[in-house]
Protein chains: 2
Amino acid sequence: MAIEKKSDCVILGLLSHEDLTGYEIKKRMDTALKYFWGASYGSIYPALGDLVKRGLASKRDGAENNRNKIIYSITEDGRNYLKGWLANPVEKDELRYETLLKLFFGHEAGVEQTLAHIEAFEEKISKELPFLIGATEVLKKGISEDDTHKYYLLTAEFGVKTYQAYLEWCREAKAILKEERG
Amino acid sequence: MAIEKKSDCVILGLLSHEDLTGYEIKKRMDTALKYFWGASYGSIYPALGDLVKRGLASKRDGAENNRNKIIYSITEDGRNYLKGWLANPVEKDELRYETLLKLFFGHEAGVEQTLAHIEAFEEKISKELPFLIGATEVLKKGISEDDTHKYYLLTAEFGVKTYQAYLEWCREAKAILKEERG
DNA sequence: GGAATAATATATCACTCTGATACATTTGTC
DNA sequence: GACAAATGTATCAGAGTGATATATTATTCC
């Protein structure tokens, strides 16, 4: 039983919604998926070529003017492959926060530097949270028109809930660090 | 200005607390750090060799009986390297949750399968949360004895706060999905 | 006492993915 | 009309994973 390569699965997932170019796939990664997944050009373009070779996607020329443009579609086999992967249990959920790593070694850096890392994290999250909240509101309105919106909403709500928890933690963490300061 | 390799930094961070073997480093990764970082043998052993070559760590023979055992220590240069990295701003905090990826493409899989993924996630988190809570309690007690405990506590509290948010989200997500079912 | 299993310990390798870069054109802005 | 930003495809060195190989010691169970 072949274990699915993640980059294949995300790309097929995106192609299951609409035909896309490699560039557009990258844009989806950096917007809709960015809060829980990522992929670089270095994985997208080779994967696309490979998917076509294996008959899971097809490509057609979408050139306009002088711009070369290759539009990819999912095939019947590709859709079955995607469904097979979706039916399997999740293998790994991974969090890799450099902020927490630096905090863990905070004894070496001292209270001031550690506080600065927390504050930078807090600012980043505070700036992004409104976009996530905005996304959930848009999705909630469109939920009856398009069934996919319901599933997008699940992931956006996850973002909102966790980001709110992060901000709560920031306040608590700063308090813990400041407790014994002069 | 050399950009630090993450595997070097984690290892030096762990060695800044105590001398360790490669095997022990891996164990720390799988216990204390597992909620926000990870590393495999395939990155640890080569990195250790490299750190010694660059003078950031030193090794000594710690063989007992017939077991070969190499104990690594951080050097003065290594500690400075670590401090330099800690002083720099965080480059990337990354979340990579296959569960959310499968949810995002849930339209293709259907409500039942998507619910199953959420329930599996909920169970996994429910099982791990007590350990995190236990860790915070132990750390809180020892906070006055050992300064490092304060920093460990920050990361453990992060785990507790986010895991509780995950469980809240699970309840909400299941409700959203069940709304329109027969 | 002896067998089986788990834990300790080091190390490598194929494969995947990232981050950077190269290149070329088109669209938008001032 | 100049300049910057966006669109588009593609590759490559380096980093990291997951699996595997190998060997010894400690523990458990009968």
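What's counted below: heavy atoms across the whole structure, side chains too, no hydrogens, waters or symmetry copies. Naming convention: chains lettered A, B, ... in sequence-line order (proteins, then strands); numbering from 1 in each chain.
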Touch class at under 4.0 angstrom, heavy-atom based, for B:Thr21 against every strand present: sugar-phosphate

N or O in side chain of A:Ser43 less than 4.0 angstrom from C:dT18 OP1/OP2: yes

Phosphate-side-chain proximity, A:Lys92 and D:dG18, N/O vs OP1/OP2 below 4.0 Å: yes

Heavy-atom side-chain contact between B:Ile118 and B:Thr99 under 4.5 Å: no

Rounded distance (Å) that lies between atom P of D:dA6 and atom CD of A:Glu24: 16 Å

N/O (side chain, A:Lys27) to phosphate O (OP1/OP2, D:dT7) under 4.0 Å: yes

Phosphate OP1/OP2 of D:dG16 contacted by B:Arg96 side-chain N/O (<4.0 Å): no

Side chains of A:Tyr152 and A:His17, donor plus acceptor under 3.5 Å: yes

Value in whole Å for how far the P atom of C:dT16 lies from CG of A:Leu51: 12 Å

Whole-Å distance separating the OH atom of B:Tyr45 from the P atom of D:dA21: 18 Å

Protein-nucleotide distance (A:Glu94, atom CD; D:dG18, atom P), rounded to Å: 7 Å

Touch class at under 4.0 angstrom, heavy-atom based, for A:Gly42 against every strand present: base

Side-chain N or O of B:Ser40 closer than 4.0 Å to phosphate OP1/OP2 of D:dG16: no

Value in whole Å for how far the P atom of C:dA11 lies from CG of B:Asn68: 7 Å

More than 12 heavy atoms from other groups under 6.0 Å of CD on B:Glu123: no

Value in whole Å for how far the C1' atom of D:dT9 lies from CD1 of A:Ile70: 7 Å

Min side-chain heavy-atom separation B:Trp37-B:Lys6 under 4.5 Å: yes

DNA chain C: 5'-proximal contact among B:Tyr72 and A:Lys5 (nearest heavy atom): B:Tyr72

Spacing between A:Leu48 atom CG and C:dC17 atom P, to the nearest angstrom: 13 Å

Rounded distance in Å - CD (B:Glu98) to P (D:dG18): 11 Å

Sugar-phosphate only, base, or nothing, as touched by A:Lys59 at under 4.0 Å among non-hydrogen atoms: nothing

A:Tyr41 vs D:dA10: side-chain N/O to OP1/OP2 distance below 4.0 Å: no

Phosphate OP1/OP2 of C:dT8 contacted by B:Lys26 side-chain N/O (<4.0 Å): no

